[in-house]
Amino acid sequence: MAKFRVVGISFDHMHMGDLLRMVHEHPDAEIAGIYDPDRAKMQAAIDAFDLPEDRVFTDFDACMAAGPYDMALLCVATAQHAEMTERLAPHGCHVLVEKPFAASAKDARRMISAMQGTGKQMLINWPLRWVESHVTAKRLIDEGLIGELREVHFYDGNRGPLYHLADKVEVSPEEVERQKPDSWWYKKASGGGALLDYMGYGATLGTWYMDGEAPLEVTCTVDEVAGIEVDQHAIAVCRYARGLSKMETRWGTFTDPWAIQPQPTCGFVFVGSDGTISSPDYASHLTVQTRARPEQHQIAADPLSAGETNVIEYAVSRLNRGDTIDGPLAPDLCLTAQRIVDTAMQSAAEKRTLSLLP
């Protein structure tokens with residue numbers, strides 16, 4: 001069988017390098033092309049994966065003409081997700097969008113509309129979907145271990161988006177400060193800010209845990225730092241028919257959670273009618289309380305399913321079989337989450353509680 005041909009579109013998001021590595025290591029997939037108008041942004045990937053010149057493009061049209069491709073990886077700045085999805089849709093490939101979904105629900109709907117009728121699927125990658133403890137938490141909740149899920153508490157983030165490159169290569173604090181004035185991550189017009197970068201994780205996986213239920217209203221506040229035009233810390237309270245949930249995002253944690261868990265602990269806490277579950281990021285186990293066993297006890301995290309241990313394995317296996325993308329990667333579920341993020345952003349701007357935006 002021919003290899004699954006993948007093209008990487010834009011290196012604005014440092015996760016492009018991670019995604020390309022997953023493609024490179026997959027026995028049934030290949031990096032068929034990469035594109036960015038700035039060749040320098042691609043050089044590390046060219047060197048790491050020994051890519052030939054005929055697969056490296058600084059012109060989008062030339063890149064797509066060199067296809068066909070089975071799937072495009074989209075890693076442009078968030079504000080460009082809709083435009084680039086519309087440009088990719090006519091080229092007959094699936095589109096994997098690296099989180100966040102979009103800069104707004106309006107843009108998200110543009111992306112969904114662009115893919116309709118193409119016979120191809122769009123999927124949105126949220127790396128926390130591939131954390132074993134969080135997937136195990138979903139199983140335990142669905143099995144009724146803690147009764148009816150009533151509250152989802154999410155706290156997550158990192159030291160900041162400029163502190164690490166692909167493969168989590170460290171960047172010095174001095175270099176981070178040098179880059180901030182010119183980085184799209186710190187510009188409102190480009191879709192920067194911690195709320196838009198990270199709250200989608202809590203909103204998307206939270207909607208997954210809640211079986212697709214949307215909140216009734218959202219109250220959000222963000223920090224305001226002189227000289228920084230975007231937020232670096234946001235706290236949102238979501239009121240559901242069944243109770244209150246909280247989503248907190250932070251650029252500026254003491255340490256990065258994939259290296260050393262900071263305090264507060266990054267991850268999720270779930271409160272049900274009959275128990276609670278704590279699921280830290282990258283943890284080997286979950287901590288559980290139930291009415292039948294109220295003392296805290298540990299449950300080991302399940303290994304991820306064979307052939308679906310990361311988003312590329314998932315995409316290749318599902319798309320080759322013609323299966324529908326589901327869970328936190330599905331556009332319809334992600335649209336509900338995007339509406340939560342939109343409402344949080346507007347709530348913070350207006351400094352008041354808002355009904356969930358349409």
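Between Leu88 and Ile9 the shortest heavy-atom distance is CD2-CG1, 4.1 Å. The minimum heavy-atom distance between Thr343 and Ser355, with the atom names listed, is CG2-O, 3.5 Å. Of all the heavy atoms in Trp185 and Pro161, the pair that sits closest is CD2-CB, 3.6 Å. Nearest heavy atoms, Thr204 versus Cys334: CG2-SG, 3.9 Å. For the residue pair Ala79 and Gly191, the shortest heavy atom distance occurs at CB-N, 4.0 Å. Nearest heavy-atom pair, Ala102 versus Ala108, reported as atom, atom and distance to 0.1 Å: CB-N, 3.7 Å.
Within the model, atoms CG of Asp18 and CG of Asn125 stand 10.0 Å from one another, a figure rounded to the nearest 0.5 Å. Separating the OH atom in Tyr69 from the CZ atom in Phe4 is a distance of 13.5 Å, to the nearest 0.5 Å. In this structure, the separation between CZ on Arg87 and NE2 on His91 is 7.5 Å, given to the nearest 0.5 Å. Atom CE of Met22 is separated from atom CG of Leu20 by 10.0 Å, given to the nearest 0.5 angstrom. Atom CD1 of Ile34 sits about 4.0 Å away from atom CZ of Phe11, to the nearest 0.5 Å. Note that the OG1 atom of Thr85 and the CZ atom of Phe101 stand 8.0 Å from one another [nearest 0.5 Å].
A salt bridge does not link Arg178 to Glu174: none of the charged nitrogens lies less than 4.0 Å from a carboxylate oxygen. The residues Glu248 and Lys246 are annotated as salt-bridged, a charged nitrogen and a carboxylate oxygen being separated by less than 4.0 angstrom. Comment: Lys180 does not engage Glu229 in a salt bridge, judged by the lack of any side-chain N to carboxylate O separation of less than 4.0 angstrom. Contact check on Lys3 versus Asp70 returns no salt bridge, with no Lys/Arg side-chain nitrogen under 4.0 Å from an Asp/Glu carboxylate oxygen. Between Glu313 and Arg318 there is no salt bridge, since no side-chain N of the basic residue sits under 4.0 Å from a carboxylate O of the acidic one. Under the 4.0 Å criterion applied to side-chain N and carboxylate O atoms, Glu53 and Arg39 are assigned as salt-bridge partners. Using a cutoff of 4.0 Å between basic side-chain nitrogens and carboxylate oxygens, Lys138 and Asp211 are scored as salt-bridged.
Looking at Gln338 and Leu196, their side chains come closer than 4.5 Å, going by heavy atoms from C-beta outward. Residues Tyr282 and Pro257 meet the side-chain proximity criterion, which asks for heavy atoms closer than 4.5 Å. For the pair Leu96 and Leu74, the minimum side-chain heavy-atom distance is 4.5 Å or more.
A chain of hydrophobic side-chain contacts below 4.5 Å, direct or via other Ile, Leu, Val, Met, Phe, Trp or Tyr residues, connects Met84 to Ile112. One hydrophobic cluster holds both Leu319 and Trp130 under the rule that ILVMFWY side chains link at heavy-atom gaps under 4.5 Å. When hydrophobic clusters are built by joining Ile, Leu, Val, Met, Phe, Trp and Tyr residues whose side-chain heavy atoms come closer than 4.5 Å, directly or via intermediates, Ile299 is grouped together with Ile141. Hydrophobic clustering of Ile, Leu, Val, Met, Phe, Trp and Tyr side chains at less than 4.5 Å, counting indirect connections, keeps Leu149 apart from Val237. No continuous path of hydrophobic side-chain contacts links Ile146 to Val269 [ILVMFWY only; heavy atoms under 4.5 Å].
Side-chain N or O atoms of His81 include one that pairs as donor or acceptor with a backbone N or O of Pro100 at under 3.5 Å. The backbone N or O of Arg293 lies less than 3.5 Å from a partner atom in the side chain of Thr290, making a donor-acceptor pair. Between the side chain of Thr118 and the backbone N or O of Met115, at least one donor-acceptor pair lies under 3.5 Å. Counting only distance, with no hydrogens or angles, the side chain of His164 and the backbone of Glu170 share no donor-acceptor pair below 3.5 Å. The backbone N or O of Leu195 sits less than 3.5 Å from a side-chain atom of Asp231, completing a donor-acceptor pair. For the pair Thr136 (side chain) and Glu132 (backbone), a donor-acceptor distance under 3.5 Å is present. Checked by atom type and distance alone, the side chain of Ser113 never pairs as donor or acceptor with a backbone atom of Arg109 at under 3.5 Å. Proximity of a side-chain donor or acceptor of Thr78 to a complementary backbone N or O of Ala103 within less than 3.5 Å is not detected. In this structure, Arg55 contributes its side chain and Ile31 its backbone to a donor-acceptor pair below 3.5 Å. For Ser183 (side chain) and Gln179 (main-chain N/O), no donor-acceptor pair under 3.5 Å exists by modelled atom type.
Checked against Glu217 for a salt bridge (charged side-chain N to carboxylate O under 4.0 Å, His left out), the options Arg239, Arg339, Arg352 give a single hit: Arg239. Checking each of Leu304, Asp326, Asp323 against Tyr314 for a side-chain contact (heavy atoms from CB on, under 4.5 Å) leaves exactly one that passes, namely Asp326. With Asp256 as the fixed residue, the salt bridge (charged side-chain N to carboxylate O under 4.0 Å, His left out) test singles out one of Lys168, Arg250, Arg159: Arg159.
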Exercise. Please step through side chain to side chain contact (heavy atoms under 4.5 Å, CB included) for the pair Cys238 and Met247, ending with a clear verdict.
Key: CA-CA 8 Å; Cys238 300; Met247 299 171 191; 4.0 Å; yes
Quiz item: After noting the C-alpha distance and the side-chain angles of Asp342 and Gln346, does the key distance pass the side-chain hydrogen bond (donor to acceptor under 3.5 Å, both in side chains) rule?
Solution: CA-CA 6 Å; Asp342 280 18; Gln346 188 167 327; over 6 Å; no
Quiz prompt | side chain to side chain contact (heavy atoms under 4.5 Å, CB included) between Thr58 and Met42, intermediate numbers included | solution = CA-CA 9 Å; Thr58 55; Met42 299 186 284; 4.0 Å; yes
Self-check item: Pair Glu30-Val6, side chain to side chain contact (heavy atoms under 4.5 Å, CB included): steps then yes or no
Solution: CA-CA 6 Å; Glu30 65 176 336; Val6 178; over 6 Å; no
Exercise. Applying side-chain hydrogen bond (donor to acceptor under 3.5 Å, both in side chains), run through Thr276 and Gln289 and close with a yes or a no.
Key: CA-CA 5 Å; Thr276 67; Gln289 293 177 296; 3.1 Å; yes
Quiz prompt | Step-by-step side-chain hydrogen bond (donor to acceptor under 3.5 Å, both in side chains) determination, Thr353 to Thr219 | solution = CA-CA 4 Å; Thr353 298; Thr219 308; 2.6 Å; yes
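A donor atom on one side chain and an acceptor atom on the other are found under 3.5 Å apart for Asp47 and Gln43. A side-chain donor from one of Glu151 and His153 sits under 3.5 Å from a side-chain acceptor of the other. Residues His13 and Glu98 have side chains that never bring a donor and an acceptor to within less than 3.5 angstrom of each other.
Within 6.0 Å of CD on Glu143 lie more than 12 heavy atoms contributed by other residues, nucleotides or ligands. Open room surrounds CD on Glu224; 12 or fewer heavy atoms of other groups in view lie less than 6.0 Å from it.
Aromatic pair His134/Trp126: centroids not less than 6.0 angstrom apart. A ring-centre distance under 6.0 Å is not found for Tyr155 and Phe268. Ring centers of Tyr163 and Trp251: at least 6.0 Å apart, outside the cut-off. Between Phe60 and Tyr35, the ring center distance clears the sub-6.0 Å criterion.
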